[in-house]
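Just so you know, these numbers use all the heavy atoms, side chains as well, and skip hydrogens, waters and symmetry mates. Note that ligands are numbered from 1 as they come in the structure, with each ligand's atoms numbered from 1 the same way.
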Amino acid sequence: MNTGLQLYNTLTRKKELFEPLNAPHVGMYVCGPTVYSDVHLGNCRTFISFDLIFRYLKYSGYKVRYVRNITDAGHLEGDRDEGDDKFAKRAKLEQLEPMEIVQKYTLGFHDVLRMFNTLPPSIEPTATGHIIEQIEMIKEIMNNGYAYEANGTIYFDVEKYSKNYNYTILTNRNLEDMLANTRELGGQDEKRGRLDFALWIKAKPETLMRWASPWGEGFPGWHIECSAMSAKYLGAEFDIHGGGMDLAATHHTNEIAQSEACSHKQPAKYWMHTNMLTVNGTRMSKSAGNGFLPEQLFAGDHDLLEKGFSPMTVKFFMLQAHYRSTLDFSNEALDASEKGFKRLMNALSLLDKLSPAESSDFEIDPIIENCIKAMNDDFNSPVVIAELFEASRIINTVYDGKGKISIIELDKLKQLMQDFVYDIFGLKDEESSNVELNSVLDMVIDLRKTAKENKDYATSDKIRIGLQSMGIQLKDSKEGTTWNKA
Ligand code: AMP
Ligand code: ZN
């Protein structure tokens with residue numbers, strides 16, 4: 001097991017040696033998407049960053065339980081218990097049931113992450129599936145004296161909590177300044193303190209998503225779902241809690257407060273935050289209107305895009321930045337990543353064609369050591385990529401007959417590429433998989449043509465319907481048969 005991993009802990013604001021509470025088991029919780037609309041590329045960056053972390057922990061020999069939730073209820077438009085319910089608003093707009101909205105965008109989210117070749121989490125719990133756990137947790141917080149009821153809504157009492165705990169532990173802000181800078185919110189006079197936040201919100205007559213509770217019908221506040229579900233699946237204390245940096249100040253701060261007020265325990269030993277994807281320096285977000293959908297990027301279908309870029313090019317572009325640095329989107333940067341990714345894939349395609357020699361001009365161990373050292377230094381993927389280019393240079397040199405490599409070093413080179421390119425970065429060769437699919441389909445289409453010529457319509461239909469069930473549509477015309485993905 002790799003025991004030299006250092007990671008940056010937002011809680012202590014420094015890099016620390018990773019020492020899980022119960023090695024080799026690791027519990028990791030990452031805040032997932034709010035599924036009321038399509039995920040944009042910025043959201044994808046955060047999930048791709050945690051996929052890298054998940055994959056590297058597994059490579060390092062840990063048994064990871066990775067929990068990533070789906071927020072499918074309770075997220076109001078404002079982060080401070082104000083505004084409309086995002087799901088209800090969208091449901092009205094699209095003339096669908098709120099749960100149809102949830103289903104539609106959950107499926108879309110999974111499709112997008114599959115295109116980026118990320119691994120599914122071990123558990124993907126939903127807020128609506130854990131109403132009972134959330135109510136139980138709220139009851140416990142009330143029993144401990146850290147929450148109060150006002151007209152059927154339950155608020156967390158930040159002032160009371162701050163007497164025993166540090167509300168700004170994650171952000172190191174000054175509580176007095178925060179109080180001074182927090183706006184009074186209209187219609188929320190029932191709150192005792194300006195920083196108090198809702199744990200349970202009383203349903204209005206028009207509220208669509210509502211559940212019975214000891215305080216009447218209502219729905220949970222946004223923050224409580226993560227505290228309840230992380231405790232349920234990972235325990236009151238677990239190893240890593242993550243999410244985008246924008247979540248630290250409110251959502252994660254409130255999660256820590258809830259967990260401490262319930263179990264008197266700081267939930268996660270390490271808090272990890274990924275930095276934002278920006279466009280011309282502005283954070284990509286739904287509200288700023290600069291959020292492309294991954295599909296738009298792949299197809300080049302957006303005013304800001306000069307052309308389309310493949311999922312693996314986009315993923316490679318993201319891995320070329322450290323997860324804690326901002327990453328600015330530009331056509332030029334993506335062009336450069338496209339070239340770099342092709343260079344890497346070209347070298348990989350030559351790897352099996354190299355013939356080993358008696359002796360070797362190259363040693364692979366230093367490259368492997370540098371890759372591990374970089375990943376152990378808070379998952380420094382850009383440094384690994386520089387090392388992979390060095391490995392590509394060796395492959396090209398040997399292929400061109402300008403250098404030789406022994407069988408031992410060649411095997412190490414192959415293992416290096418397998419581990420870092422495929423297993424840890426989760427990249428894949430898009431060209432070759434398309435080439436394979438193309439030739440297989442050409443053959444199947446040819447078989448169907450023969451069956452039709454022999455009037456064996458049972459077989460030709462079976463082929464067409466079989467392909468259809470795999471999402472491949474055949475189209476017959478005078479010129480012949482073509483196919484496309486449905
Ligand atoms: P949401 O669906 O808005 O709750 O966001 C899902 C995840 O994406 C959260 O962890 C956010 O912090 C993260 N996120 C949102 N915008 C960006 C961005 N521009 N770059 C990186 N991550 C983001
Ligand atoms: Zn969360």
Check: F329 ring centre within less than 6.0 Å of F292 ring centre: yes

Minimum-distance protein heavy atom relative to atom 2 (O) of ligand 1: T34 N, 3.0 Å

H223 N/O/S atom closer than 2.8 Å to the Zn ion (ligand 2): no

T274 N/O under 3.5 Å from ligand 1 N/O: no

Geometric N/O contact N43 with ligand 1, under 3.5 angstrom: yes

F420 and Y59 aromatic centres sub-6.0 Å: yes

Lys/Arg N to Asp/Glu carboxylate O, D335 vs K339, below 4.0 Å: no

Check ion pair E94-K104 (N to O, under 4.0 angstrom): yes

Any N/O pair P33/ligand 1 closer than 3.5 Å: no

Nitrogen or oxygen atoms of M276 and ligand 1 under 3.5 Å apart: no

N or O contact, F47 vs ligand 1, cut-off under 3.5 Å: no

Residue and atom name of the nearest protein heavy atom (relative to atom 20 (N) of ligand 1), distance in Å to one decimal: L277 N, 2.8 Å

H251 near the Zn ion (ligand 2) via N/O/S, less than 2.8 Å: yes

Those atoms of ligand 1 less than 4.0 Å from some heavy atom in R283: 15 (C), 16 (N), 19 (N)

Within reach of ligand 1, part of V39 (heavy-atom separation under 4.0 Å): neither

Element-labelled atoms of ligand 1 that are located less than 4.0 Å from some non-hydrogen atom of G244: 10 (O), 12 (O)

Charged N-O contact under 4.0 Å between R324 and D378: yes

Opening angle at the Zn ion (ligand 2) [SG, C31; SG, C226; to 10 degrees]: 130°

Per-atom contacts of ligand 1 with D246, taking only distances under 4.0 Å to non-hydrogen atoms: 11 (C), 12 (O)

T46-ligand 1 polar pair, N/O distance under 3.5 Å: yes

Parallel, tilted or perpendicular: rings of F197 and H223 (30°, 60°): perpendicular

Within the 6.0 Å centroid threshold, strictly below: Y29 and Y66: no

Plane angle bin for W271 and H273 - parallel if under 30°, tilted between 30 and 60°, otherwise perpendicular: parallel

Parallel, tilted or perpendicular, as decided by the 30° and 60° cut-offs, for the rings of F116 and F298: perpendicular

Sub-3.5 Å N/O-N/O distance, G243 and ligand 1: no

Protein residue, atom and distance nearest to atom 9 (C) of ligand 1, heavy-atom basis: L247 CD1, 3.8 Å

Any N275 heavy atom less than 4.0 Å from ligand 1: yes

M284 neighbourhood, listing ligand 1 atoms whose heavy-atom distance to it stays under 4.0 Å: 16 (N), 18 (C), 19 (N)

F238/H25 aromatic ring centres below 6.0 Å: no

Cationic N near anionic O, under 4.0 Å, D423 to K58: no

Distance from atom 23 (C) of ligand 1 to nearest protein heavy atom, with residue and atom: G42 O, 3.4 Å

Distance under 6.0 Å and angle within 45° of ring axis: R343 vs F389: yes

